Amino acid sequence: GGYQYMIRSSGQYLQLHTSGGYNTSFSLDADQIYKVYVNGSTLRAVKLSTGEISSVSISSKSMGTRMTSFWAGYGSEAYLDRIYALAGIPRATTTEEDEQIKNYLLSQGV
């Protein structure tokens with residue numbers, strides 16, 4: 001059991017959580033798209049509109065192998081209405097693909 005990392009909110013901000021919560025400065029405003037990925041022992045979030053990166057080390061590999069994508073446990077973390085979509089892509093995406101995904105989500109394409 002247990003998780004190795006998760007993506008959640010802390011108030012109105014994106015939080016990367018490993019053995020502890022790391023609050024990013026990335027707001028969960030409706031017009032923001034973030035790419036979150038693991039690179040070795042680092043969990044990174046990229047703000048696709050600016051390229052700004054926020055990252056945290058995954059320091060405890062003993063936490064398990066699962067990823068919990070949505071967590072709505074505490075009142076201050078219940079911002080799931082701000083998360084529009086999540087896709088698990090089992091490879092690195094290109095800049096062109098990131099741009100297409102961003103535009104698709106911002107236009108709420110179907």
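Bear in mind the structure is a predicted one, so any value in this text is a computation, not a measurement.
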The reported gap from CZ in R44 to OG in S57 (rounded to nearest 0.5 angstrom) is 10.5 Å
D31 CG to L105 CG distance, which is reported to the nearest 0.5 Å
12.5 Å
In Å, rounded to the nearest 0.5 Å, how long is the span from OG1 of T95 to CD of Q100?
11.5 Å
Can any side-chain N or O of T24 pair as donor or acceptor with the backbone N or O of L14 at less than 3.5 Å?
yes
Minimal non-hydrogen separation, S55 against L16, with atom names
CA-CD1, 4.4 Å
Determine whether K47 and S54 make a side-chain contact, defined as any pair of heavy atoms from C-beta on separated by less than 4.5 Å.
no
To check you understand the geometry: which heavy-atom pair defines the closest contact between V36 and A45, and what is its length?
CG2-CB, 4.0 Å
Would you give the length of the straight line joining atom CD of Q15 to atom CG of N23, rounded to the nearest 0.5 angstrom?
4.5 Å
Working to the nearest 0.5 angstrom, can you tell me the gap between I33 CD1 and K102 NZ?
8.5 Å
With the side chain counted from C-beta on, respond yes when E97 and R91 share a heavy-atom pair under 4.5 Å apart, and no when they do not.
yes
Tell me whether the guanidinium CZ or amine NZ of K35 lies under 6.0 angstrom from the six-membered ring centre of Y37 and within 45° of its axis.
yes
Is there a side-chain contact between S49 and Q32 (heavy atoms, below 4.5 Å)?
yes
Got T42 and V56 here, is their nearest side-chain heavy-atom distance under 4.5 Å?
no
Got I101 and I89 here, is their nearest side-chain heavy-atom distance under 4.5 Å?
yes
Can you sort out the partners of F26 under ring-ring contact (aromatic ring centres under 6.0 Å, His included), two or more places apart, ordered by chain and number?
Y34
